[in-house]
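Here's the structure we're looking at; comments come further down.
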Amino acid sequence: MKLVEGFSKLSKQEKINFLKDNYLSDFPEADTILHQYLNEDVKLQRLHDEFIENTLTNFYLPFGVAPNFTINGKNYIIPMAIEESSVVAAASKAAKFWGQRGGFKATVIGTEKVGQVHFTYAGNFQELNQFVDEIKSDLKLAIKPITKNMEKRGGGIKSIELRNKTEDLAHYYQLHCTFETKDAMGANFINSCLEELAKVLQERASVQLSSNLEIVMSILSNYVPNCTVKAEVSCPINQLGATKEEAEKYAKKFLQAIQIATIEPYRAVTHNKGIMNGIDAVVLATGNDFRAVEAGVHAFASRNGKYKSLTHAKIENDVFTFWIEVPLALGTVGGLTSLHPLVKLALALLQHPSAEELMKIVAVAGLAQNFGAVNSLVTTGIQEGHMKMHLMNILNQFDANAKERNQAVEHFKTNTVTHSSVVEFIQSIRS
Ligand code: MEV
């Protein structure tokens with residue numbers, strides 16, 4: 001394959017032609033598929049084209065909703081964008097279950113965002129320390145043009161701290177800065193502030209310091225351990241089963257599942273993956289950066305040196321409590337939130353939440369998802385629900401009609417779903 005020059009300058013059709021000629025010669029459906037996914041509304045398509053570079057078409061994800069969530073006494077229908085079957089169903093089921101037991105309670109613990117200017121300095125630490133102290137107020141003043149609007153909304157830069165990292169890496173220091181970005185996720189705001197801070201730091205250092213200070217880079221951190229939210233459900237144990245014995249047995253097993261995910265990283269990763277099924281789906285539907293959230297959440301899960309469950313459970317005085325604490329840097333203004341029509345709709349569905357309210361909703365979606373997964377795992381097993389959806393997917397592949405679907409659902413109530421068993425069944429009823 002030859003390398004391509006100036007690909008980005010080609011028109012969309014020219015790009016497609018290039019791919020067809022060079023990579024997709026054995027894939028005759030390419031043109032049809034790429035065009036099928038384009039939107040006929042030219043303006044809408046242009047909007048999507050311009051989100052990224054070299055756009056060829058759109059990549060759809062299902063956009064669904066999980067109804068019946070009660071969070072701090074308020075009712076929500078939660079929008080979810082996700083390709084995995086059973087996730088929305090599990091969230092909806094958990095919402096209903098906990099809705100009948102007082103609903104979810106959620107509290108924002110902190111909203112502090114972080115950004116760092118990374119630099120090297122070969123001179124004396126005391127001299128650097130004094131210098132940073134001296135110029136701190138000038139640094140804040142220098143970024144006023146960037147921060148003044150954010151300050152009007154109650155945000156801005158909160159602190160600038162010199163951190164000495166030379167024990168880990170020779171000559172390496174940071175300006176570790178904290179920010180409050182209110183309803184914005186704040187990535188652009190923080191990065192603009194940091195780049196300006198770095199500029200001023202460099203300028204002043206070249207005049208005031210006796211040794212060379214060199215900026216390496218300036219960037220926000222997606223690790224936000226002080227931007228966290230807690231969501232919780234609780235009920236008397238006896239509400240967890242038909243009889244006292246059943247309820248106690250269930251609660252004990254549920255607790256054991258959480259303990260296993262707390263002490264065993266192999267299980268913790270899968271356990272937290274289930275939580276992220278809920279979190280990512282809402283983060284994506286509301287136009288937030290799920291990669292940033294993922295990176296921050298997993299770092300948080302291993303903050304004590306071992307990767308652990310993000311959810312916790314306890315039984316005290318015959319009350320079962322299940323909760324999550326997660327870092328979530330989210331925005332409800334700026335970025336995609338004001339550009340993507342479906343994101344706007346998702347935020348409208350949620351009644352235009354503030355970033356803090358969205359943090360609560362997303363944490364609840366994660367907790368609900370985890371409840372659904374662990375509940376299945378310690379009772380019926382996870383495959384029962386999955387296989388029902390799997391059956392539907394295979395039936396769709398074979399364009400099964402309503403009668404065939406009903407026959408298949410009936411048949412697979414007592415027979416194991418595998419791809420080949422479903423195919424055989426369809427063939428048998430069709431022949
Ligand atoms: C599948 O997407 C998620 C689960 O594996 C989560 C879990 O095991 O807790 C079911």
Side-chain angles (χ1 to χ4, degrees), residues 59-66 69 78-98 104 230-233 240 249-285 290-291 293-302 306-314 320-326 328 362-394 396 416-419:
F59 188 96
Y60 294 166
L61 278 183
F63 177 95
V65 290
F69 272 92
I78 300 188
M80 301 177 98
I82 186 161
E83 86 299 346
E84 186 175 331
S85 59
S86 305
V87 169
V88 175
S92 311
K93 205 171 148 195
K96 204 162 165 202
F97 182 89
W98 285 107
F104 293 81
K230 182 179 176 189
E232 177 183 310
V233 285
L240 291 174
K249 193 168 164 218
Y250 172 83
K252 195 169 151 228
K253 224 170 164 192
F254 195 100
L255 229 68
Q256 281 169 337
I258 305 298
Q259 282 161 349
I260 291 169
T262 305
I263 59 115
E264 167 53 57
Y266 277 94
R267 172 57 200 148
V269 171
T270 318
H271 178 94
N272 288 347
K273 187 275 183 188
I275 294 172
M276 299 315 287
N277 279 344
I279 290 184
D280 281 343
V282 191
V283 168
L284 204 54
F290 67 92
R291 286 86 56 210
V293 168
E294 282 277 346
V297 163
H298 296 298
F300 186 77
S302 47
K306 189 172 170 188
Y307 191 90
K308 289 182 180 175
S309 164
L310 293 159
T311 53
H312 314 275
K314 64 177 181 187
F320 170 85
T321 308
F322 178 48
W323 73 99
I324 186 168
E325 190 188 327
V326 263
L328 290 171
V362 171
V364 163
L367 185 70
Q369 205 56 52
N370 188 228
F371 177 76
V374 174
N375 176 58
S376 297
L377 287 169
V378 301
T379 55
T380 57
I382 207 75
Q383 283 308 85
E384 192 183 89
H386 272 210
M387 281 309 171
K388 263 189 211 144
M389 298 301 290
H390 190 46
L391 171 62
M392 288 306 153
N393 287 341
I394 305 170
N396 278 341
T416 309
V417 175
T418 64
H419 192 271

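Residues take their numbers from the sequence shown, with the count starting at 1. Whatever order the structure lists ligands and atoms in, that order sets their numbers, starting from 1.
- Within the listing of ligand 1, atoms 9 (O) sit less than 4.0 angstrom from a heavy atom of His271.
- The backbone N or O of Ile279 lies less than 3.5 Å from no partner atom in the side chain of Gln369, so there is not a single donor-acceptor pair.
- Scanning all protein heavy atoms for the shortest distance to atom 10 (C) of ligand 1 gives Ile382 CD1, 3.6 Å.
- Of the heavy atoms in Asn277, only side-chain atoms (C-beta onward) come closer than 4.0 Å to ligand 1.
- Interface of Leu377 with ligand 1, defined as ligand atoms under 4.0 Å from a residue heavy atom, comprises 7 (C), 8 (O), 9 (O).
- In the displayed structure, Tyr60 atom OH is contacted under 6.0 Å by more than 12 heavy atoms of other residues, nucleotides or ligands.
- Of the N or O atoms in Glu84, one or more lie within a sub-3.5 Å distance of an N or O in ligand 1.
- Listed for the Asn272 side chain is a donor-acceptor partner under 3.5 Å among the backbone atoms of Lys308.
- Atom-to-atom distance recorded for Leu377:CG and Phe254:CZ is 9.5 Å, nearest 0.5 angstrom.
- The proximity of Met276 to ligand 1, defined as any non-hydrogen pair under 4.0 Å, does not occur for either the backbone or the side chain.
- The nearest heavy-atom contact from the protein to atom 6 (C) of ligand 1 is Thr270 O, 3.5 Å.
- Atom 8 (O) of ligand 1 has as its closest protein heavy atom Arg267 NH1, 2.9 Å.
- The 12-atom threshold is exceeded at NZ of Lys306, counting heavy atoms of other residues, nucleotides or ligands nearer than 6.0 Å.
- The closest approach between Val374 and ligand 1 stays at or above 4.0 Å for every heavy atom of the residue.
- Those atoms of ligand 1 that come under 4.0 Å of a heavy atom in Lys273, given as number and element, are 1 (C), 2 (O).
- For the atom pair CD1 (Ile275) and OG1 (Thr270), the distance works out to 11.0 Å, reported to the nearest 0.5 Å.
- Using the six-membered ring where Trp is involved, Trp98 and Phe320 have ring planes that are parallel, under 30° apart on the 30 and 60° scheme.
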